[in-house]
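All chains are named by letter (A, B, ...) in the order of the sequence lines, taking the proteins before the strands, and each is independently numbered beginning at 1.
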Protein chains: 2
Amino acid sequence: MQNATLQIQVQDTLFVKDPSSSTIGKSILEQGLILLSEIGLEEFTFKKLALKISSTESTIYRYFENKHQFLSYLFNFYWAWMDVNIAFAITNIDCPKERLKRIIRVLTQKVSNDIRTPFIDEEILQEVIALESSKTFLSKKVDEENKAGYFLQYKKLVDRISLIVVEINPTYAYPNALVSTILESSFHQRYFGIHLPRLTNEMHVQERLEDFLTELCFKTLL
Amino acid sequence: MQNATLQIQVQDTLFVKDPSSSTIGKSILEQGLILLSEIGLEEFTFKKLALKISSTESTIYRYFENKHQFLSYLFNFYWAWMDVNIAFAITNIDCPKERLKRIIRVLTQKVSNDIRTPFIDEEILQEVIALESSKTFLSKKVDEENKAGYFLQYKKLVDRISLIVVEINPTYAYPNALVSTILESSFHQRYFGIHLPRLTNEMHVQERLEDFLTELCFKTLL
DNA sequence: CAAATATAGTAGTATTACTATCAATCTAAG
DNA sequence: CTTAGATTGATAGTAATACTACTATATTTG
C-alpha cells in the first residue's frame, strides 16, 4: 500500500469539467497552484496560467468557471486532504482530549508534499490556503455558493472536530464556534507572526502556535 | 459638546488627497461606503462610484490610488473610531477584568450611525469591515503596505487591549495573539452565524457572541 | 473507414483599471 | 479686481482582464 495514491474527491459543483480526469486538467491544478502561490489571487489570471502551461484561456475555462471557483476547488481539496490526515492522526486514540490535542498538532504543523497526491504539492497548497482561503467565503455570493456545496468539506471537518469537543465537555455551549475559531486562527496567527508581528506573539513558531491554541481550547473546555 | 464632531485622523499614506478636505471627497467616502456595502469589493469599481456621485473616474483617482487603498482607508477609519468608542467605554473603570469585559461588549455590539462623523454611517461601515477587512491584509503586498502604515490603527488597538490582558494575567504568554484572535473572531463568527451556521453556534445573536468571547478570554486568562 | 464527439486553439467583446490632456471653474494672494 | 494656482470635469486612450463564440483538430465509436 506504500505506493497507493490518495483519491481526494471534490464536489462536482466546483468545476465545469473534472480537472483530475485529463492530463491538461492536472496540469491546470499543478501549475495553477504554483502560480497562485507566486503572485496571489488578485494578480492571478487564467491568461497567465495558460501561458505557463502552454495552453489557452478557453481550455482552462472548460475546467473552471473562473478563478474564484478554482480557488474554491483548492480550498475543498485542502480540507478534504486535511480530513484524511486528521482521521489518520487520531485512529486508535480513544481519549477525546488526546484526540483534540493531536488534531491541533496536525492543524498547526507545516505540512510537506504528500506524494500520494500526484499533481498537488501540499506544502504550497497550505501556503496558498493560509493566504487566500478567507476570500472563498467572504463574498457577496456566499449564500449561493454555500447552497452549491462550496464549503462542504470545511463544514464537515468543523462538525467532526466539534463532536470531539462535545465529548470532552458535553455542557459547553459553543463547540462549533470554538473549532472554527481555532481553524481560522491557526492560519491567521501564523500569518501575523510572519507579516504583522505586533498583532501576535511569535506565532510563526509552530510550537508556540500549537501551545496557544491547545491552551485556548482546554482552558475553555475544562 | 453634544454637537461636537469627531475628527477621525487617517494616515496620509492612505489617500492621495485627503477626502475629508473637500465636498466631493466626502461624497466619495459616503457614497463609496454605501456602494461597497451594496455590491462588495469584487464588483466595486471607481466607474460605478463615479456614476453614483455624478462625477468621473479621474476625480476619484485624484483621492485614492485604487479601490484597495479606499478599503484600507475605511479599515483604518473603522478601527480609529472603534478605539475612541472603547476608550470611552472604559473611562473611570479601574478593574482590568471589568475593562476587558466592556471592551468585548463594545466589540460584539452592532453599532448604529454615529452622528458625530458626518459622511460615514458606522452601521454600514461595520457591515463592510466585517466582510472585507481580512482582504486588506491577506495580500502579497502586506509587507509593503505595513511599512506604509496601512494597519497602524489596528495594531495600536490590539496593543492597547493586550496591555489590559497583561494586567489581568501578567504571566500569560500570548496576549496579542489572544486579542487579535478575538477581534477577528468577532467578525467571522457573526458572519458564520448568518451565512454558514454549521460553522458556529448562533453567533449572530449578540449576547451569545459576547458570552462566547468573554468566556474564551477569561477561562484562558484565569 | 466514416460519423460523431470531445477537446484545443483563434478571435473577438465588454469591462476594468488605470493615465493623459485640456478646458472650465473656483479660490487666494498681490 | 485681477491674475496665478489649484481643483474638477470631460474626453480620450491603453493595456489587461474576464469572459464567449466559433473553428480546427484529434479521438472514439459504430
Side-chain angles (χ1 to χ4, degrees), chain A residues 12-32 35-36 38-74 119 132 135-136 139-141 144-145 148 150, chain B residues 12-32 35-36 38-74 119 132 135-136 139-141 144-145:
Chain A
D12 66 3
T13 47
L14 286 165
F15 50 74
V16 180
K17 177 182 155 65
D18 187 352
S20 68
S21 70
S22 74
T23 313
I24 203 153
K26 287 168 192 167
S27 177
I28 289 169
L29 288 180
E30 183 176 15
Q31 297 300 314
L35 184 59
L36 203 46
E38 286 166 355
I39 63 178
L41 188 69
E42 282 68 37
E43 286 294 306
F44 179 91
T45 68
F46 281 174
K47 185 137 203 191
K48 288 176 187 166
L49 177 53
L51 199 76
K52 199 179 175 103
I53 63 172
S54 306
S55 182
T56 59
E57 274 182 284
S58 57
T59 296
I60 301 172
Y61 276 107
R62 226 168 275 114
Y63 289 90
F64 295 102
E65 278 171 32
N66 46 50
K67 67 176 172 182
H68 186 75
Q69 194 187 41
F70 176 64
L71 175 64
S72 298
Y73 180 99
L74 293 175
F119 32 90
E132 318 288 2
K135 298 170 194 168
T136 58
S139 122
K140 286 276 172 186
K141 291 177 185 154
E144 186 189 316
E145 292 182 350
Y150 272 45
Chain B
D12 65 5
T13 47
L14 286 164
F15 50 75
V16 181
K17 177 182 156 66
D18 188 352
S20 68
S21 71
S22 73
T23 313
I24 203 152
K26 288 170 193 167
S27 177
I28 289 169
L29 288 179
E30 183 176 15
Q31 298 299 313
L35 184 60
L36 203 46
E38 284 167 355
I39 63 179
L41 188 68
E42 283 68 36
E43 287 294 307
F44 179 92
T45 68
F46 280 176
K47 184 136 202 193
K48 288 176 188 167
L49 177 54
L51 199 75
K52 200 180 173 101
I53 62 172
S54 307
S55 180
T56 59
E57 273 183 285
S58 55
T59 297
I60 300 173
Y61 276 107
R62 251 174 240 122
Y63 287 89
F64 294 103
E65 279 171 32
N66 48 49
K67 66 177 172 182
H68 186 75
Q69 194 187 42
F70 176 63
L71 175 65
S72 298
Y73 180 98
L74 293 176
F119 32 92
E132 318 287 2
K135 298 169 193 168
T136 57
S139 123
K140 286 277 172 187
K141 292 179 184 153
E144 186 189 317
E145 293 181 348

Q: Would you call the rings of His68(A) and Tyr150(A) parallel, tilted or perpendicular, taking 30° and 60° as the class edges?
A: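 Aromatic pair His68(A)/Tyr150(A) classed parallel.
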
Q: Please report the distance, rounded to the nearest Å, between CG in Asn66(A) and C1' in dT20(D).
A: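 Taking atom C1' of dT20(D) as the reference, CG of Asn66(A) is at 14 Å.
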
Q: Before accepting this row, confirm whether a basic side-chain N of the pair Glu38(B)/Lys52(B) lies closer than 4.0 Å to the acidic partner's carboxylate O.
A: yes

Q: Which nucleotide span of DNA chain C, 5' end to 3' end, has atoms closer than 4.0 Å to non-hydrogen atoms of chain B?
A: dT16(C) to dA20(C)

Q: Are any side-chain N or O atoms of Lys140(A) and backbone N or O atoms of Glu42(B), one a donor and one an acceptor, separated by less than 3.5 Å?
A: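 Not confirmed, Lys140(A) side chain does not pair with Glu42(B) backbone.
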
Q: To the nearest angstrom, how far is Arg62(A) atom CZ from dT20(D) atom P?
A: 12 Å

Q: So do the side chains of Pro19(A) and Phe70(A) get within less than 4.5 Å of each other, counting heavy atoms only?
A: no

Q: Could you state the CD-P distance from Glu42(A) to dA18(D), rounded to the nearest angstrom?
A: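 Those two atoms, CD and P, are 11 Å apart.
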
Q: Just wondering, do Phe44(A) and Leu71(A) contact through their side chains at under 4.5 Å, heavy atoms?
A: no

Q: With a 4.0 Å cut-off on heavy atoms, is Tyr63(A) in touch with a base, just the backbone sugar-phosphate, or nothing at all?
A: sugar-phosphate

Q: Restricting to salt bridge (Lys or Arg N to Asp or Glu O under 4.0 Å), what partner residues turn up for Lys26(A), sequence neighbours left out?
A: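 With neighbours one apart ignored, the set is empty.
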
Q: How many Å lie between CD on Glu43(B) and P on dT17(D), as a whole number?
A: 17 Å

Q: Rounded off to whole Å, could you give me the CD-to-P distance for the Gln69(A) and dC19(D) pair?
A: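 Rounded to the whole Å, the gap is 11 Å.
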
Q: Where is the tightest heavy-atom contact between Lys48(A) and Glu43(A), given as atom of each residue plus distance?
A: NZ-O, 2.7 Å

Q: Which of residues 45-60 of chain A have a heavy atom under 4.0 Å from DNA chain C?
A: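 Within residues 45-60 of chain A, the residues near DNA chain C are Ser55(A), Thr56(A), Ser58(A), Thr59(A).
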
Q: May I ask you to say whether Lys67(B) pairs ionically with Glu132(B), meaning some side-chain N is under 4.0 Å from a carboxylate O?
A: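 No salt bridge links Lys67(B) with Glu132(B).
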
